[in-house]
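A short worksheet on the structure shown next.
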Amino acid sequence: MGNESYKEAIAALSKLFSDKADLGSLATAKIKQITAELEAAADRSQFDPVRRIETGFLHFKKEKYEKNPDLYGALAKGQSPKFLVFACSDSRVCPSHILDFQPGEAFMVRNIANMVPPYDKLKYSGVGAAIEYAVLHLKVENIVVIGHSCCGGIKGLMSIPDDGTTASDFIEQWVSICAPAKIKVKSENNELSFSEQCTNCEKAVNVSLGNLLTYPFVREAVVKKTLVLNGAHYDFVDGKFDLWNLNFQITPTLAV
């Protein structure tokens, strides 16, 4: 039935072109539009998420796991990462790809806008557990909080009305962790466009560095100089990476 309708439509279209040749240019544009829409629909219908996961793992096993038996043999016995990394959940900013971390090098925490909440045994216990485990049990020597360009979480923070009105169940409450950065940016850069203010606020990483010091075991390790805190910003638009320490001594920008 569908095939007959298709043939009828093609026949009707051919007759129309025959009767009204002046419609040629308009018809060409419409056909190109329809073709593009059909190609896009075909691409979506061909994507198989299960197959994508299967092929991804098989590639990893063949190209990495089986070619590095010593590494994965050692990892089977335990881990001793040097870094605890806080990064955004954004799919464009995977720390392992950006910094070429190998398995076992970095203990990761990823969330909206790469934020570290202040010490709170009840409200943020999930993040607290990750920090505690990394610092007290894994004995990481470095904590790095990485912000990034075009961050949707920061845009959400900067968009929260002054009266505190929220439009979501979780997002605005979470990003408000770095509200001090929003207040600072708006007070010092009120003349800038909203987009420019968001870019400045991406250094809200500094609020997270301060919040890390509210964890007693983090503060103690920093004082003993067994732990170093660093902030960072990855600009995937221009291929740049900035790194700074707790005293805000900035290293030269790394650019591609």
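- Between the side chain of Glu196 and the backbone N or O of Ser193, at least one donor-acceptor pair lies under 3.5 Å.
- Ser176 contributes atom OG, which lies 3.5 Å from atom CD1 of Ile160 (distance to the nearest 0.5 angstrom).
- Put simply, the side chain of Asp120 gets close to the backbone of Lys123: a donor and an acceptor are under 3.5 Å apart.
- The distance from atom CD1 of Ile171 to atom OG of Ser159, rounded to the nearest 0.5 Å, is 11.5 Å.
- Hydrophobic clustering (side-chain heavy atoms under 4.5 Å, transitive across Ile, Leu, Val, Met, Phe, Trp, Tyr) groups Tyr133 together with Phe86.
- The CZ atom of Arg52 sits 11.5 Å away from atom CG of Asp48, with the distance rounded to the nearest 0.5 Å.
- Considering only heavy atoms from C-beta on, Asn142 stays 4.5 Å or farther from Leu84 through its side chain.
- Linking Ile, Leu, Val, Met, Phe, Trp and Tyr whenever their side-chain heavy atoms come within less than 4.5 Å leaves Val144 and Val228 in two separate clusters.
- Put simply, the side chain of Arg110 gets close to the backbone of Cys88: a donor and an acceptor are under 3.5 Å apart.
- Counted by atom type alone, His148 and Glu202 present zero donor-acceptor pairs between their side chains at under 3.5 Å.
- In this structure, His97 places its NE2 atom where only 12 or fewer heavy-atom neighbours from other residues, nucleotides or ligands lie under 6.0 Å away.
- Shown are Met115, Lys182, Gln197; of these, the side-chain contact (heavy atoms from CB on, under 4.5 Å) with Ile154 is made only by Met115.
- Few gaps surround CZ on Phe194; more than 12 heavy atoms of other groups in view lie less than 6.0 Å from it.
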**Prompt:** Please walk me through it: do Ser80 and Leu138 pass side-chain contact (heavy atoms from CB on, under 4.5 Å)?
**Reply:** CA-CA 6 Å; Ser80 55; Leu138 296 177; over 6 Å; no
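- Lys240 contributes atom NZ, which lies 8.0 Å from atom CG of Asp242 (distance to the nearest 0.5 angstrom).
- Two residues are said to be in side-chain contact when any heavy atoms from C-beta on lie closer than 4.5 Å; Pro118 and Tyr124 meet this criterion.
- Across all their heavy atoms, Ala106 and Val85 have their closest contact at CB-CG2, 4.0 Å.
- Around atom CD of Gln79, more than 12 heavy atoms belonging to other residues, nucleotides or ligands sit under 6.0 Å away.
- With contacts defined as side-chain heavy-atom distances shorter than 4.5 Å, the pair Cys198/Met158 qualifies.
- Pairs of residues two or more places apart, or lying in two chains, that qualify as salt bridge (Lys or Arg N to Asp or Glu O under 4.0 Å) and include a residue from residues 79-98 are Lys82-Glu141, Asp90-Arg92.
- Side-chain atoms of Thr199 come within 3.5 Å of backbone N or O of Ser195 as a donor-acceptor pair.
- Checking side-chain atoms of Lys225 against main-chain N and O of Val222 turns up no donor-acceptor pair under 3.5 Å.
- Scanning all heavy atoms of the two residues, the minimum distance from Leu243 to Ala232 falls at CD1-CB, 3.9 Å.
- A donor-acceptor pair under 3.5 Å is formed between the side chain of Thr35 and the backbone N or O of Ile31.
- In this structure, Val175 and Gly153 approach most closely via the heavy-atom pair CG1-O, 3.6 Å.
- Remark: Lys184 NZ is loosely packed, at most 12 non-hydrogen atoms of other residues, nucleotides or ligands lying under 6.0 Å away.
- The nearest pair of heavy atoms linking Thr214 to Tyr119 is OG1-N, 2.9 Å.
- Listed for the Lys203 side chain is no donor-acceptor partner under 3.5 Å among the backbone atoms of Gly147.
- The two residues Tyr215 and Pro117 have their closest heavy-atom pair at OH-O, 2.8 Å.
- Between Ala130 and Val109, the shortest heavy-atom distance links the atoms CB-CG2, 3.6 Å.
- Between Phe60 and Tyr72, the ring planes lie perpendicular to each other; the angle is over 60°, past the 30° to 60° tilted range.
- In the hydrophobic cluster analysis, where Ile, Leu, Val, Met, Phe, Trp and Tyr join through side-chain heavy atoms closer than 4.5 angstrom, Phe107 is grouped apart from Leu71.
- Pairs engaging residues 152-176 under the salt bridge (Lys or Arg N to Asp or Glu O under 4.0 Å) rule: none recorded [sequence neighbours left out].
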**Request:** Could you check Asn230 against Ile143 for side-chain contact (heavy atoms from CB on, under 4.5 Å), going step by step and ending with a plain yes or no?
**Result:** CA-CA 6 Å; Asn230 285 283; Ile143 300 180; over 6 Å; no
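- Aromatic ring centroids of Phe83 and Phe101 lie under 6.0 Å apart.
- For the side-chain hydrogen bond (donor to acceptor under 3.5 Å, both in side chains) test, no residue two or more places apart in sequence or in another chain qualifies with Lys121.
- Residues Phe217 and Val140 fall within the same hydrophobic cluster, defined by Ile, Leu, Val, Met, Phe, Trp and Tyr side chains chained together at heavy-atom separations under 4.5 Å.
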**Phe241 and Ile146: CA distance, side-chain angles, deciding distance, side-chain contact (heavy atoms from CB on, under 4.5 Å) verdict** = CA-CA 9 Å; Phe241 190 87; Ile146 306 174; 4.1 Å; yes
**Message:** Using side-chain contact (heavy atoms from CB on, under 4.5 Å), reason through Leu229 and Asn245 one step at a time and then give a plain yes or no.
**Reply:** CA-CA 6 Å; Leu229 308 185; Asn245 64 23; over 6 Å; no
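- Within the 4.5 Å cutoff, side-chain heavy atoms of Val218 are placed close to those of Ile131.
- Remark: side-chain polar atoms of Gln102 are paired, donor with acceptor, to backbone N or O of Asp100 under 3.5 angstrom.
- Val207 and Val205 are members of different hydrophobic clusters when ILVMFWY side chains are connected at heavy-atom separations under 4.5 Å.
- One N or O on the side chain of Trp174 and one on the backbone of Ile112 form a donor-acceptor pair closer than 3.5 Å.
- Proximity of a side-chain donor or acceptor of Ser149 to a complementary backbone N or O of Asp235 within less than 3.5 Å is not detected.
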